[in-house]
Each structure stands twice: as C-alpha cells, then as structure tokens.
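Presented below is the structure to which this report refers.
Worth knowing before you read on, the calculation uses all heavy atoms, side chains too, and leaves out hydrogens, waters and symmetry mates. Chain letters run A, B, ... following the sequence lines, proteins first, then strands; residues in each count from 1.
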Amino acid sequence: MPFLNDPLFGQTMITLMAAVVLVLQITLVAQKSLVASIYVFAVQSFLLAGIAGTIAWFTGAGHLYLAALITLLLKSVLLPAILLRLVERIGIEHEMRPLLNVPVSVLISGMLSLLAYVVAEPLQHGLSYGGPAALGHNTLPVAVALFLIGFFLMANRRKALSQVLALLSLENGLFLAAISLTYGMPLIVELGVFFDALVAVLVLAILVGRIREAFDSMDVTRLSRLRG
Amino acid sequence: MPLAFLLAIPLAGAAAVFFARRRFVLELVYGTGAGAALLSSVFLAAQVLSGGPVSFFNGFLYADALSALVTLLTCLVWALSAPYTVGYLRGPQPSAGESPAQLGIRDLRLYYTLSLLFVFTLLAVSLTGNLGLMWVALEGATLASVFLVAFYGKPTSLEAAWKYAIIGGVGLSMALFGTILTYYAAHEATGMETWEALNWPFLLAASPQFNPLVMRLAFVLVLLGYGAKAGLAPMHTWKPDAYSEAPVPAAAMMATAMLNCALYGLGRFFLLSARATGAAMPSQLLVLFGILSIAVAMPFILVQRSFRRLLAYSSIDHCGIIALSLGFGGPLGSLGAVLHMSFHALAKPLLFFCAGNAQQHAGDDSLRNTAGGLIRVLPMSGAALFAAVLAVTGTPPFPLFLSEFTVLRAGFAQGYGWVSIIAVALFVLIFSGMFAHVSRLLLGPAPDLPAGDRNRWTVYPLLPLAALLLLFSFWMPAPLSSLLAQSAALLEVKP
C-alpha cells in the first residue's frame, strides 16, 4: 500500500485525529453523564496514541512508539477502567451538574479554542511546514486549546471525579503539545510523567472514596468548612 | 558517591518501615535515616565546596553549591524534626472520632512510610540535574504529601487534601507545559534530542540562544506552577488548610523543605529565561508575585483565629520575601534569597513544634478559645515560641533580620525603592499581628490546665533549633558562609 509511506497522507490523518480530539474535548464540556465522559476521555486518549504512533511511523522516532503504546495502555485502557470501577463501587449519581449551563460552556470552549490559535501562532513561527520533518506541527493550537478547555472544565465541575477527569484531559493537551513541538519529551522524562499520572489517579481515586464516605457526597462545593 | 547514597537512604528507609512490625523499629529507622542523610549532605556540601559541581551518570544526578545547600537544608530539617516526630506521634492525636486517641501501629507505619517517600522526592528535586526529572520529583512530592495532609481522616483533613491535590495538580501541569516549552527552545537552538538536553549545565550554557518568545511563555507557566507549589499568592489558598490539617511534623517539612524545593526549581527557570529574554520581564514578575504574597498574607495574619493557619500565612509571607529578593536580583538580591531560605528553614520548624506542643496540651488550635497564660504551664515550649516568633518576624538579633535587611538593601540598590518601602510597612504590620496573637496566647494568668512539657521527646528537640538560630545570629562558620555565597552567585543573573 503505497499511501502508507506518503507523508501527505500522514499529515492528513494527524490533522483529522487532532480535530476529533478537540471535538471530544468540547464534548466533555457538554457531556452531563460521568460514565459517558470517561468513555469520551478514553477515545480521546486512543486518538492521541494514534497521533503519536503515526508520527513515529513517518519519522522513525523509536521512542515515540513507546510513548504511543504507554498512552494507549495507560490512558485509554487502565485509567478509564480505574475510574469506571470507582464510579461503580461507590455508586455515584451520574448527573454532573456543572456550574454554568451547557450552551454557555460550549460557547466559552469555542472562544478558548480561538484564544489557543492566537497564543500558539507566534510560537509556531520557527516551525517548518511541509515534508516529513513537519509532521504534526500544526497540532500545537489544538494542544493549547485542550489545555485551556481543561482548565475551564476543572473550574466548571462540582463533582470530585469529574475534576479528576478534567485534570487528565488537560494532561492530554500537554502530551499533544510535547509531540507537536519536539516529537515528545525525552523518554526518561516521559516515563516519569506517565508514572506520575498513574499514581495521581490512584491517589485521587482513594481520596474521592474517602471524601464520599465522610461527606456522603462527591460534591466539592460542600468542602467549604475551612475558611480564612 | 554521596549523591546516590543520599537518595538511597530515605528509599531504603521507606521499604524497611513498610515491613516493620513494631513502633520502636519505625522510630529507629526514621531517626537513623535522618542522621545518616544529614551526614552525607554535609559531606556532599564539603565535596562541592572543595571540588566544584559533582555529577553522576551523565548529569542524571548533579549537585552544585545551590543544590547542595537546598539538600543540606532538607536533611537538616528532617534530622532536627525526627526526634520531635517520634515524640509528637506518641502523644494523643486528633482522629475522625470525637476525642483524641493514640495512633495504632498501622497508622504509624503509614505515616513514617509516607514521610520517608516525601523526603525522598524532595531530595530528588534538589539532586537531579535534569529539569524534566525535577518536575517528576516535585509531582511525586505532591502525591506523597497529599496523604500526609489527609492523615487524620477527618472531614476537614479530606477537604484540605482535596484542595491541595487539585491546586497542586493544576499548578504542576502548568509547570510541565513550561518544561516542555523549555525543552522545545533547547531543541530548536541546539538540535539536541536526548534527555541530556534538559540537563542543567547544558541548558544554562545554551540559554542565551533560546527563542525569547518561547522562554517568556515558559517562565510564566513555570512561575504559576512552581509558585503554586511554593505558595505564592494568588495560588496560595491550599496552604492554610493543608498546614492546619497535616500532622505538625509533616506540616513543618512542607513549610520549609518543600517550599525551598519549589523555589529552587523556580530559581533555575528564572535564570534560564532571564538569560534568554533579558532579566527585566522575569524579575518584574517575581517582584510582583512576591510583594503580592506579602500583601495578601498581612490581613489574614492580623485577624487570624487559628494558630497553625497563622503559621501558614506567615509562610506565604516568607515565600513572597524570597521571590521578591530573587526578583530584585543583583548580588545582594540573590544573597538575600539564599539567606532567607536557609534561616526560614530553621525558624519555621521551631514555630510549628511549639505550636504543636501547645495544641497537644490545650487540645485546641484556636487563638480565641485558649484562655492565655500558656507560658505558665508550658515554660519551655512557651519561651521557645516567643523566641521563634521574634525570629520569624525578623527581629534583631535573629538571623532573619539580617536576611530581610539584605533583601531590602537589594531592593533599594536595584531601583525598586517604592516596593521596598511597601515591604517594610507590611513587615511592621505582620510583626505586630504575630506578636499580638502570641502574647495573647502566652501571657496572662495561669489557665485552668495541668502543668505540661513533660514529654522529653517533644521538648528537647526544640533546643537544637533554638540554639542554631541564636548561633547564626552572632556567628557563621566559614564553610557555611562560603556555601551560601557560592549559591547566591549561582542564582545571580549574569549575561
């Protein structure tokens, strides 16, 4: 299959996947069900692994294959599984009740995406376009948009678990930024980052469980006894 | 190799403690580990002083004077707090139930394991030469300390731990973005693609060629991220909750060692971006965040009702002073930052330990409910508390006066006269607030409490801290002062 070696094909695939990743991030903002959000996050991580894998295929950057594989296993299988089990075990009400309603939230996400393009544009100045060396460079605005929308998502959620999910999607933006700027961080740093992500989810999951026991709720707006 | 040995000590300790069955073993491992770590950090500092920077495995581990100093401070706080930790945890502890209770062996094992892991990550921050791994270690420090904050399992501790985890997590993700951008700048300027591209000596040498635009954005992100970890306003809101809910020795570690480590990381990135973009923008940002932190802490200190929250706001204030000093820059500014980091690391644990003794005795952390006159029932802790408050507010002859004075001199020398004048006014207000609270707590007729200060393990550990503070008021050993001078020279922006 000759098109598998055509960088233009790779570029098209990466652009397509990055676009879907951004759409999924906005879906996370609009989604009210916690379980559905976890699936959306899993698919988003799967596509990120796809982007990393595609770039690795066309540039022959060996360590990116490993990063893609770890992303696939960790972020699109293991972490969603942990979160889903947690939802099941502590029987959380599925509705997420964001602070702002859905239309306003989606509108804000759209504006944040625009802002991301404005922020990322000057940074891309030094990056070249065209040819196999430029693969994925046009995804930087998407990465910044994921980052910014992730922030908004954290602020707009009341439930502890959905804040964890927002933090994870924000980290997906960082991963995309790293592969679009430099084809990933050095492997040893990348491994450390993955390890921390795994431990962070375990820590937060334990904490969510204990908050649920102590407060009989996951609503973080109830965590308001400490003031001043 | 003291570098690898230093990291191995707390890690091996954590493993040993995890399988220990008796309280005595836990305490022994924790204490001897602290002693051994302190010795090897002194050895490391001596090695760096005599032979220049030490590097191990291609700069995977790396120590220059600055990292040796931060490592030494971490180990010093650990060693000086180890006996207190033993004594404090033997006493009655707050619990999820109504009345205070003794800790069981399972809880003790959890505490010692977590705090050894916490120390391990903090030492890794200052001992790794790779800025990417430094981020990994700081994130690890957050994760280890989240459970220390949640240790008592009360609803309020869970609330504090949640805030801490979320603000810390968001902050660190910003810092990671900044690290990625720094790597990109290095990659673009030099074409390096391996992990050595994030090694400190390499980055410092290459930094003048970095893309200024990228480094500007990177510095803002790292300032927000590591600033949140250190507790600079406006990302400081986790701090009062975490410090008042964590067990006292853990809070003391967080307020000194972790604060130093976060500011150490921030200082490294400050140097890189100052060399890439010119010193003006990063310095002004540091001055802005520094003075803002002092200003935000001031009103909360004046009206504070809980003693340990008071300490947290004081720590925000000191974090602001160090950032301010870094921002002022010049030889005096960097010296002021290094001095303040060191002396604050001695004064703050003393304050926390006295507060812990008072709280354990009175059974209450509130400044309002306690009747006062505590010095009559707690003569040792009370006197030490008085001295510690004088020290921490920068009263002469204590060494923090010297460091704050250096900071202000740097401000006037570098043309930040107005900022320095505002800072002096804020210092005075903070001093009066702290002093008023502490005199209400300590002075007055004897309260309706039995005589305290009976537990040797929580009283005697106050003495070396107080003695060191007094000693440094009048005399500084020559090797230590040259270590401080060399660290300050490393933190100075030189074109």
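Considering every non-hydrogen atom in both B:S173 and A:L170, the closest pair reads OG-CD2, 3.1 Å. For the pair A:L207 and B:A165, the tightest heavy-atom approach, listed with the atom from each and the gap, is CD2-CB, 4.5 Å.
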Exercise. Carefully, step by step, assess A:F151 and B:M174 under the rule side-chain contact (heavy atoms from CB on, under 4.5 Å).
Key: CA-CA 10 Å; A:F151 268 116; B:M174 285 196 265; 3.5 Å; yes
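In this structure, chain A has a heavy atom under 4.5 Å from the side chain of B:V146, while its backbone stays farther away. Only the side chain of B:L198 comes within less than 4.5 Å of a heavy atom of chain A; its backbone N, CA, C and O stay farther away. Using a 4.5 Å cut-off between heavy atoms, A:L174 touches chain B through backbone and side chain atoms alike. Heavy atoms of B:L172 lying under 4.5 Å from chain A are absent altogether. For A:I206, the part lying near chain B is the side chain, with the backbone staying farther off; criterion is any non-hydrogen pair under 4.5 Å. Using a 4.5 Å cut-off between heavy atoms, A:L204 touches chain B through backbone and side chain atoms alike.
Legend: residues meeting ring pair (Phe, Tyr, Trp, His ring centres under 6.0 Å) with A:F195, ordered by chain and number and at least two apart, are absent.
Counting non-hydrogen atoms of neighbouring residues, nucleotides and ligands closer than 6.0 angstrom, the CZ atom of A:F46 reaches no more than 12 such neighbours.
Ranked by non-hydrogen atom pairs under 4.5 Å with chain A, the options B:V170, B:T237, B:L133 are led by B:V170. Contacts with chain B were tallied for A:V199, A:V203, A:V119; A:V203 has the most, counting heavy-atom pairs under 4.5 Å.
Distance check, rounded to the nearest 0.5 Å: CZ of A:F147 to CG of B:L221 gives 6.0 Å.
Side chains of A:L181 and B:Y183 form no contact here, defined as non-hydrogen atoms less than 4.5 Å apart.
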